[in-house]
Amino acid sequence: MPQRPLLPSSPPSFPPSLMSCVSSYALHGVNNKGVNKTMNAPHTHSPTVAVAVSGGVDSLCAVVMLHNAGFRVLALHGLFLPDGPTVAPAGLAEACATLGIPLHVADLREAFQREVLNPFAAAYAQGRTPNPCAYCNRAIKFGVLLDTALALGADKLATGHYARLVPGPDAPTDAGEDETSETYPLLAAAADAAKDQSYFLSLVPRQRLSRALFPLYGQNKEQTRAIVAAAGLAVPLPSESQDICFAPPTAQAGISAAEAYRPFLERHWQAAGTIAPGPGPVLLLDAAGNKREIAQHKGLWRYTEGQRKGLGIAHTEPLFVLTKDSATNTLVVGPRALLGIRTCVTGPANIALPPHLWPDRLLVRLRHRQRPCPASVQVEDACLRIVLDEPQFPTAPGQVAAVYDEEGRVLTAGVVEEMA
RNA sequence: UGGGAUGUAGCCAAGUGGUAAGGCAACGGGUUUUGGCUCCGUCAUUCGAAGGUUCGAACCCUUCCAUCCCAG
């Protein structure tokens, strides 16, 4: 399959120039007269940037960079987890105090429950495989958290995401002079392809991104750590927790990190009175198209398309989940050769750029860290119909399909409904 | 009840006298702001059982046990 790097492979030299940060589109608009007028910002020369801070090194780096660049910065920590702490991490307040910037704490637990946790559990109960990070970015970080930032008087909300904002081809060429038109940026992949998080941000509407700032867009993790260290700050939450944030692995019970979401779901369903889907047959599909029952599954929600580990079926070769049939409560498994998908259809898409402005050659990402693969995409009733040039490892209903151009810009994205 | 065949790890399976391959599964770890994929590591002092031959046996001999097939 054609291999074309989405982005330059070599990261920018260290240390990243703050000038480039300021002059890039990532910060473009902060000094835009029109935007400030819209926002009624009192000091047009000193825009205020709120930074969403978790306590991790990335968001802290964003604070440092913007602070060093001379912006008025306020730190904003959102409380998300229903059973989590009700105050910001201790070290975070300390770090903000060191820099002399205010720290606000927003209690967003109710919204997080409503917009992320409940849909997450509901999707699994339906046999889907949701992407909570994508929903969180759309509804929480660039939803209610952004609203909170604006209400606090900020012009922008910066986060520690590794993603880029670039002017879209449909943007007015001289937005600064045109006070009536808003300049909506396009989301694009970060410079460091290994850390790029544009996939998780691809459902955020473009209007919302016009208030976003991603200072880390051009650097890698090493540089991020170095910047924070150079500022003399200790990272409040040093561990790089990469799993589902609301379903941490339980130290006891031998639950591995990867399986932590299952106990979470069981607790959630029990509390909600939902009956978890039960056991059923596992059918083995062979190359000849024959099916035969070879095992029992423990509930379809425990499996996802393309899954290998955890099937517990000893066979002459590795078996993967091919399809899940909720109607018959059947799991179909088979050898790797039978896995590929060629098409998928999404629900209503977040269309960043009108389809008539799309280039001929499109690339699609069906999962985080996948090299975008060539495909053709059609918009039908605001939904995406994606036909891949080459068969790809399957995604799953509930996952995000993001469409890029060759420059790494996100043109549109949607949640997968069907695939074949 | 005769005749034939087969018994190697949880499953499949190589190995016919020289000191137990490999695959699957499982478990542990790496990677990762989702699930999944992927990568690395661990996993039979022992070859259905008991005797015998041999310097040496999963391999040869004897008996027993178990399973499968064909007859009846």
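Reminder, nothing fancy here: chain letters follow the sequence lines and each chain counts from 1.
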Could one point to a donor on the side chain of A/R367 or the base of B/rG35 with an acceptor on the other under 3.5 Å away? yes
Could you tell me how far apart A/F264 (CZ) and B/rG35 (P) are, to the nearest whole angstrom? 13 Å
Using the P atom in both, what is the distance from B/rG72 to B/rC11, to the nearest Å? 35 Å
Given atom NE2 of A/H297 and atom C1' of B/rA25, what is their separation to the nearest angstrom? 19 Å
With RNA chain B as reference, determine whether A/I313 or A/G306 sits nearer its 5' end, using the nearest nucleotide of each. A/I313
Determine which bases of RNA chain B form Watson-Crick or G-U wobble pairs with both distances under 3.5 Å, and write the result as a 5' to 3' dot-bracket string with | for other-strand partners. ((((((((.[[[..)..(...]]].(((((.......))))).....[[[[[..)....]]]]]))))))).
Distance check, C1' atoms only: B/rG52 and B/rU45, in whole angstrom units. 22 Å
Under 4.0 Å, counting only non-hydrogen atoms across every strand here, what does A/Y199 touch: a base, just sugar-phosphate, or nothing? base
With sugar-phosphate meaning primed atoms plus P, OP1 and OP2, does A/R128 contact a base, only sugar-phosphate, or nothing at under 4.0 Å between heavy atoms? nothing
Using a cut-off of 4.0 Å on non-hydrogen atoms, how would the nucleic acid contact of A/P394 be classed: base, sugar-phosphate, or nothing? nothing
Determine the contact category for A/Y135: base if any of its heavy atoms lies under 4.0 Å from a base atom, sugar-phosphate if only primed atoms, P, OP1 or OP2 are that close, otherwise nothing. nothing
Over all strands shown, is A/F120 touching base, sugar-phosphate only, or nothing at heavy-atom distances under 4.0 angstrom? nothing
By the 4.0 Å heavy-atom rule, please label A/G160 as base, sugar-phosphate, or nothing. nothing
Nearest to the A/R369 side chain among B/rU38, B/rU32, B/rG35, which nucleotide is it? B/rU32
Is the shortest side-chain heavy-atom distance between A/Q296 and A/V282 below 4.5 Å? no
Ignoring the backbone of A/T129, work out which of B/rC27, B/rC11, B/rG35 is nearest its side chain. B/rG35
Roughly how many Å is it from CE in A/M419 to P in B/rG36, rounded to a whole number? 15 Å
A/Y261 side-chain proximity, nearest of B/rC24, B/rC27, B/rG35: B/rG35
Is atom CD of A/Q270 surrounded by more than 12 heavy atoms (other residues, nucleotides or ligands) closer than 6.0 Å? no
Can you tell me, in whole Å, how much space there is between the P of B/rU8 and that of B/rA49? 10 Å
Residue pair A/Y162 / A/F214, side-chain heavy-atom distance below 4.5 Å: no
Taken to the nearest whole Å, NZ/A/K309 to P/B/rU31 is 17 Å
P spacing across the pair B/rG3 / B/rC24, given as an integer number of angstrom: 43 Å
Looking only at B/rC12, B/rG36, B/rA26, the nucleotide nearest the A/T316 side chain is B/rC12
Rounded distance (Å) that lies between atom C1' of B/rU32 and atom CG of A/N131: 12 Å
A/Q197 or A/L319, whichever maps to the more 5' nucleotide of RNA chain B: A/L319
From CA spacing to verdict: side chain to side chain contact (heavy atoms under 4.5 Å, CB included), A/L81, A/F112: CA-CA 7 Å; A/L81 309 184; A/F112 192 77; 4.1 Å; yes
Output the rounded distance in Å from NZ (A/K195) to P (B/rU32). 6 Å
Quick check for you: among B/rC24, B/rG35, B/rC27, whose closest atom lies nearest to any side-chain atom of A/P318? B/rC24
Rounded C1' spacing from B/rC60 to B/rU1 in Å: 31 Å
What is the distance, rounded to the nearest whole Å, between atom OH of A/Y303 and atom C1' of B/rC37? 18 Å
Base, sugar-phosphate, or nothing for A/Q399, non-hydrogen atoms under 4.0 angstrom? base
Report, one line per pair, each donor and acceptor closer than 3.5 Å where one atom sits in a side chain of residues 335-346 of chain A; sequence neighbours left out.
residue, atom, partner, partner atom, Å
A/R342, NE, A/L388, O, 3.0
A/R342, NH2, A/L388, O, 3.4
A/R342, NH2, A/D389, O, 3.2
A/T346, OG1, A/L384, N, 3.0

Identify whether any heavy atom of A/F393 sits under 4.0 Å from a base atom; if not, whether one sits that close to sugar-phosphate; answer base, sugar-phosphate or nothing. sugar-phosphate
Between B/rC37 (C1') and A/R371 (CZ): distance, integer Å: 16 Å
Just wondering, do A/H104 and A/H77 contact through their side chains at under 4.5 Å, heavy atoms? no
Using a 4.5 Å cut-off on heavy atoms from C-beta on, say whether the side chain of A/F393 contacts that of A/R367. yes
Please pick, from B/rC24, B/rU31, B/rG35, the nucleotide with the shortest atom-to-atom distance to any side-chain atom of A/T304. B/rG35
Could you work out which one of B/rG35, B/rC37, B/rG10 sits closest to the side chain of A/I244? B/rG35
Rounded to whole angstrom, note down the P distance from B/rU19 over to B/rA58. 11 Å
Less than 4.5 Å apart, any side-chain heavy atom of A/V403 and any of A/L363? no
Return the orientation label for the A/Y124 and A/F120 ring planes: parallel under 30°, perpendicular over 60°, tilted otherwise. perpendicular
Expressed in whole Å, how much space separates the C1' atoms belonging to B/rC37 and B/rG15? 34 Å
Please report the distance separating the P of B/rU46 from the corresponding atom of B/rA9, rounded so that it comes out in whole Å. 13 Å
With a 4.5 Å limit on heavy-atom distance, are the side chains of A/E115 and A/C136 in contact? no
